[in-house]
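Below, chains carry the letters A, B, ... as their sequence lines are ordered, and counting in each starts from 1. Predicted model only: the values in this text are computed from it and were never measured.
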Amino acid sequence: MKQSPAIYWRRQQDLKKLLNKHGEIIAITNVINSKHYSGIVKIDDQNISTSIISSNLKPNVGDKVVGVLRISRKNNKQSLIEYGVKFKLLAN
Amino acid sequence: MKIGVVGVYQTKFGELWDKSLADLISESITGCILDARIDKSDIQSLYIGNMLASLGNNQQHLSSLVSQILNLNVPITRVEAACASGGMAIFNAVNAIKSGVVDNALVLGVEKMTDLDSSEISKALMNAADDGEFLHGMTFPGLYALLANKYCKQFGLSEVDIAKAPVKNHYHAQFNKKAQYPFAITTQQVLNSPKVADPLKMLDCSPITDGGAAVFLASDTWIHKHMARNGVYLSASAMASDSVSLSNRDSLVELKATKQASILAYSQANLSPKDISCAEVHDCFSIAEVLAIEDLGFYPKGDGSHYLDRKNSYLGGKKPINTSGGLKACGHPVGATGVKQIVEATRQLRYEADGRQVDEAKAVLTHNIGGSGGTAVVNILTN
């Protein structure tokens, strides 16, 4: 994936639309060697592809989640730390 | 206008360390010209299906490379639509002939994947997905795993049900000398193989493959004028598109592009799903074959996996699926796959499929998908 400060900056414009938003998992998987689960979350009437973070519980379809700010990547050529919104499992 | 399939050729699929991209191009085209019994100078245009040459082979100008290899100066067009690049090249060649701009076209599908390591090839393939999916750690096995999870949950099925697809396709590949993995596997081997993306295991996934395939298409007028080889016709070639991101799709238990392309194709060929003798469908992952045989109208939604049995989808069954071994066992050199499917369909209709010949094959459907379902090409061949 192409990385540049301009790409990071454009992505940041959308972050606030997802921060603290509540949603529901509609599809989920765990890709081997990935730190997080990956899935599709429904927020209002929109579906988004996202990472789903959970400290110890296995997330399932139907679970409620909330958008939180997390580091997306930092080992890039520009030495920039990119932040993004991931979704955290809400306690029942 | 009828469009005939005059010549076909497929290289061996596999990890071909001794062959370069240029070698695969040269072998595919030469083999096709020999099978078509034409002269190189008869070719009026070429279409190339390829996805990764710019990323994996330092070559983005494939049209010019092919011109150099063939020493031909006719119009040559590279077509890119991810894993449907080959199918899209066929679709474009058919339309060029139908338009009357040319009377014939040679379609080449080629991919040299093993010069990249597995990490590089995974990243390169993710160029066919949405930027956001890549950013959140998705891979193609991950995207199809989402579909598999959703499908299994909605229809009360399990990983055992979808594992029937790779087991069947490996069974068929035993009879195909050109297949990457010409040997049988068991359901237990699929279930015991390492997990790639829950619920998909390694043996649910098609491999990284080098390979090429070529077909020579011509109008019936050109065929008669040149007394060329005939007997197999491309009765339909249709394509449809959908969003690049899975999250933008209307449904996660069907691929809308497949449904739309198949409706168009059946209409063009004046045939229905029950008229199809056998099919080559896009089984990049086991769940993809289950979705395909439902979305193509062969079986009701949610029931597809029940028909992946000897009575229905195996050789000798009512409607054999993926007699070549499919993407899973014959191999998946991405840009070549859609063209290879036409080669297999033609072999079936010519009764040249040796140990995997379908009895009384009269209409063969091919189905080629790009990305997670963003592009679908459906062709129907008849004799």
Hey, does A:Glu82 have a side-chain heavy atom less than 4.5 Å from the side chain of B:Leu135? yes

By residue number, those in residues 136-160 of chain B with heavy atoms under 4.5 Å from heavy atoms of chain A are B:His136, B:Gly137, B:Met138, B:Thr139, B:Gly142, B:Ala145, B:Leu146, B:Asn149, B:Lys150, B:Lys153

Heaviest contributor of heavy-atom pairs below 4.5 Å to chain B, chosen from A:Ala27, A:Ser34, A:Gly84, A:Ser49, is A:Ser49

Ranked by heavy-atom pairs below 4.5 Å to chain B, first place among A:Ile26, A:Ile52, A:Val41, A:Ile40 goes to A:Ile40

Honestly, the part of B:Leu252 sitting under 4.5 Å from a heavy atom of chain A is side chain

* Evaluate the criterion side chain to side chain contact (heavy atoms under 4.5 Å, CB included) for residue pair B:Asp131 and A:Arg11; output intermediate values, then yes/no. => CA-CA 11 Å; B:Asp131 187 43; A:Arg11 281 202 199 112; 3.4 Å; yes

Contact list (residues 370-377 of chain B to chain A, heavy-atom gap under 4.5 Å, by number) returns none

When every non-hydrogen atom of A:Thr29 is compared with those of B:Ala197, the smallest separation belongs to OG1-C, 3.6 Å

Q.
Take a 6.0 Å sphere around NZ of A:Lys58 and say whether it holds more than 12 heavy atoms from other residues, nucleotides or ligands.
A. no

CG of A:Asn33 to OG of B:Ser119, rounded to nearest 0.5 Å, is 10.5 Å

Applied to residues 247-262 of chain B, the salt bridge (Lys or Arg N to Asp or Glu O under 4.0 Å) test, sequence neighbours excluded, yields B:Asp242-B:Arg249, B:Asp250-B:Lys256, B:Glu254-B:Lys259

Among residues 14-24 of chain A, those lying within the under-4.5 Å heavy-atom range of chain B are none

